[in-house]
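A quick write-up on the structure given underneath.
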Amino acid sequence: MPPRHPPPLANPKLAAELAKHTFDNEDGAEYAGSEFGGFGEYFRNKKIKLQNLDTHIRESNNGIERPPIFKGCIVHVNGYTKPSIGELHKLVVLYGGVFSQYMDSKTTVTHIIASSLTPKKLVEFARYRVVKPEWITQSIEAGKLLPWHDFRVIQPTGSQRRLPVGPAINEQKNDLRQQSSPSHSVSPSKSARQREFDTPSTVSPHLTMTRKVSEISSEDHNSALLVNPNTWKSTVLNPEFLKTYYGQSRLHHLSMWKANLKLKFQNQISASCRPPPKRPSDSRVIFHVDFDCFFASIALRKRPQYADKPICIGHGGNQNSEVSSCNYIARDFGVRNGMWMRRAKELCPELICLPYEFDAYEEASSCMYSVLIDVGADKIEAVSIDEALIDVSSLCWSPNDDEIQMKSHDLAKSIRNKVFELTQCHVSVGIGGNILQAKLATKWAKPAGQHRVRPNEIMQLIHGLPVEDLPGIGYSIGAQLKDRFDIEKTGDILTIPKPILQSVVGGKNGDKLYSYAHGEDAREVGEISVRKSVSAEVNWGVRFATKEQVDTFLGSLAGELSSRLANLNMIGSNITLKIYRRAENAPLEPAKYLGCGECDAFSRSYTGASPTCDPSDISRIAIWLLGKLQIPVGDIRGVGLQMTKLVPVHGEAGRQVTLFQTKSGSTEVATRTLETLETKFEEDHHSNLDVRTSAEPFIDSKDASKPVPQYFVPTEISEDVLRELPLSIQKEILWSRRPKASSDQDFVAKLQDESQRIQQYGDITAPFRRPAKRIGDQEANRLKSKRTKLGNSSKNLNTIGCYRSASKLPNQENSINTDNSWALEVDEGILKELPQDIRDEIHEERRHYLLNQPAGKAGEEPELSNAIQLQHPILTFQGKNQIDDLRDLLHDWLSASSAEMQGPHMDDVHLLEKYLYRVVTDEVNLNKAVELVKWVEFQVEKVLRERNFHDNPVMNQEVLFEWLDVVDILQKAVSTAAEKRGIYNIQFCC
Ligand SMILES: Nc1ccn([C@H]2C[C@H](O)[C@@H](COP(=O)(O)OP(=O)(O)OP(=O)(O)O)O2)c(=O)n1
Ligand SMILES: [Mg+2]
Ligand SMILES: [Mg+2]
């Protein structure tokens, strides 16, 4: 927790004294000697003496009479302003005011001048008159003191109650304390609290950040912001920005690395090779090779003094950053990769945090892959930067299991030794008859070892294995199985009939779990696809005041894209510019410092006659595309450049590659051309591949109604190829393959058929699920009419799964508020039987509907919660699952933990964090999670800021900040969970 500073409390008595003080002689008490040791008094006097220096400013006024416009005002300047602090100081004093250099609890001010405030300052200064510098200059121009409200920096929202500065503050505060203190009101009724929360009149100052802050143009706002050299340095205007931005992002490195590695592989594969003969699935030997605590091991190479100490890799100073990797000594304390740094330090206070070394990771990774390529495996699959799968059946398989054991043991040992020789880091090797077995074996092999799961051991091993430890299964499915069937061990999966299992975890996951429970895994090693696009995007630190600045930055970003293309040995002919624009009602400064806040995404593409990677070509086109978008430069919050239609500088691209090597070490490339299909899609939809917002404004209504061209939805495309396509295209194709009804009647008949099948099915699953309602003609008709609507809108299909939760985009509004409640009415039994794509759409429609319900609705409407319950588990937290009960619980928690002026306990925070995550992923109720986080934020503001503020301001402020951190943590958990479901940019503002 960073050091806390108490908020500057206004002292009305001193304010009154200072306001009366004329500062024209040295008779004041402030000039009396200080008592020895009286530091507080000494500083107070020093400050007042400084203020008296203002008499010199007045004296140097050349006898010009100026109206005492600011008489009675004590003005303090915060941060960088235009005019500068020096000029403002002079103006205030010349026009009769008092200038205060300091803000602390011993001094008071009547006005704070600031151009903008950081989020924390917004909280600290919430009770002050914070005004723009224009208040000074324009008052002087007008020859009178203009109302400060017209120049507010912190805008009140609606009828928001404001705490005035000065004498009135005590009365006001007492009022508030009467309302919130338990001694006056033991436990306000739930509905009263609910009403209070729901009305905007009590929105916290913290939340006011999310409102439109001022009427000044975004360019002016940015200019003022950029006057501060530190802020300027953090933005894209700094020529070093991109280097720092990408240099520090581990996710960027991990993803870039994968693309590079694939390319390196591709280059090492000779086009003349032949694939190995196809083998039966029971005669395979698979190795899973993985570095032990990879990033941590790299860090220890240069720091042997820490070899026997718990260490981790991360941005150490930041408690809210994540542990990227930790050594096995740290793991003994419970520290894990991906854990919050704060939590890790709690578990292991002596944990040493070391920095990232991205270049070294790439180098070590390349060494490992070169060793694996030299092995002469049948197939190789790059799993991640530190991990690979190799199929070594040709080298190790034999009908005699002891022989397999011996051969694979020798090969694994030699791989480990060679990698260690080259990197001074250990890899462990897991060996099995399929990918599942190999990956599980790695858990036994680690650290610095190897292990083979023998065929006769596999069932025993699998049986007692926690479900969550199965590769690719994870916490969420594990929790579902526990909730629904009280199952924790993999062996118990087989006690559930497969259709029932699938009805809970989905068809594919059910299949996978069943296979895994038998120790089986049909996946083949290999088959990785090459990149079809290369992009560079920045959505933090983007602030422009002029068009020239944007053009310059586009030049830098073009340079970055160009070097990425060169790195991959690629050139391309289609350039897309993507711009994130500040959403219409979003504040000029979002809560996250220099973050992008709530944005709309726009993009424009251009296809050139010939491919390029020349930065000046890219930059020229990007600037031209930007001109077409016509976005005010001050509103640009994110910029991305993407190149598609790629071709390698030498050879071919745009095809999928299967990596395999024959026994002799030769390889072969299998290709399928996808490029035409994919780029055609982009042209027709003017879209790029990873658009995160639902309504791309560049898709005009003409485009939306345009039928999808036939060549774009081939029905004969193979499943393998389909899998490699972007999700939106997959959906398009699946949609085109949906069972087609020749007429509406056919469609209804089909639904009825399906309902009959469900009824049969329903008998088997009866103990596990709610009875399926018999579908009536009416219901089928309603469903049909909604489906018809969906079918008519290609735009609707294209945007499924990618939308901004709190956005108010015009084309969404209709469907959200009027159209998609129907999705809740679709019977679960029928839903389950519908084709996957239709099912997905109905789920999405439900999500749209739920996300856009007013606060608390999910908890209030039984129909709604039933609808969810039918499909998803309702999770409980401390025995509660209804939103009102949960709000009560959170309220009590917050009150109890702050009553003694203590902050929250981190274990509680983590429990809640986990719960909210699961509410989003498992209960599939994002609205509920968002509402609960908003409730915590509201309570933090209300309970902590208002209670006991006088008694112990320092402690109170500490607790307030701790709770604000908790709000951040919870918001992050919900956002992360939402992103997992393809929902981005969740807004938590009221
Ligand atoms: N949440 C995570 C997980 C991993 N990584 C990075 C750091 C890891 O060192 C590297 C490899 O991930 P692994 O899952 O293989 O983890 P380690 O190699 O650190 O440990 P293990 O010995 O369990 O493989 O990826 C990360 O940045 N954040
Ligand atoms: Mg590893
Ligand atoms: Mg790994």
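Keep in mind that what you see is a predicted model, and the values were worked out from it rather than measured.
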Can any side-chain N or O of T490 pair as donor or acceptor with the backbone N or O of H463 at less than 3.5 Å?
-> no

Does the D378 side chain pair with the main chain of S394, one donor and one acceptor, at a distance under 3.5 Å?
-> yes

Donor-acceptor under 3.5 Å (N434 side chain, G519 main chain) | yes

To the nearest 0.5 angstrom, please state how far the CG atom of L354 sits from the CD1 atom of I311.
-> 4.5 Å

L440 side chain reached by I462 side chain, heavy atoms, under 4.5 Å = yes

Examine distances only and state if a side-chain atom of R452 and a backbone atom of G430 form a donor-acceptor pair shorter than 3.5 Å.
-> no

Identify whether the distance between the nearest side-chain nitrogen and carboxylate oxygen of D469 and K489 falls below 4.0 Å.
-> no

Counting distance only, does the side-chain N/O of R301 pair as donor-acceptor with the main-chain N or O of T423 below 3.5 Å?
-> yes

Within the side chain of E387, is there an N or O that forms a donor-acceptor pair under 3.5 Å with the backbone of H288?
-> no

Presence of salt bridge, D511 and K498, under 4.0 angstrom = yes

Is the backbone of K446 close enough, under 3.5 Å, to the side chain of D292 for a donor and an acceptor to pair up by distance?
-> no

Nearest-0.5 Å distance that lies between atom CD1 in I431 and atom CG in L411 = 8.0 Å

Please confirm whether the backbone N or O of V285 pairs with a side-chain atom of S393, one donor and one acceptor, at under 3.5 Å?
-> yes

May I ask you to decide if C326's main-chain N or O and N337's side chain share a donor-acceptor pair within less than 3.5 Å?
-> yes

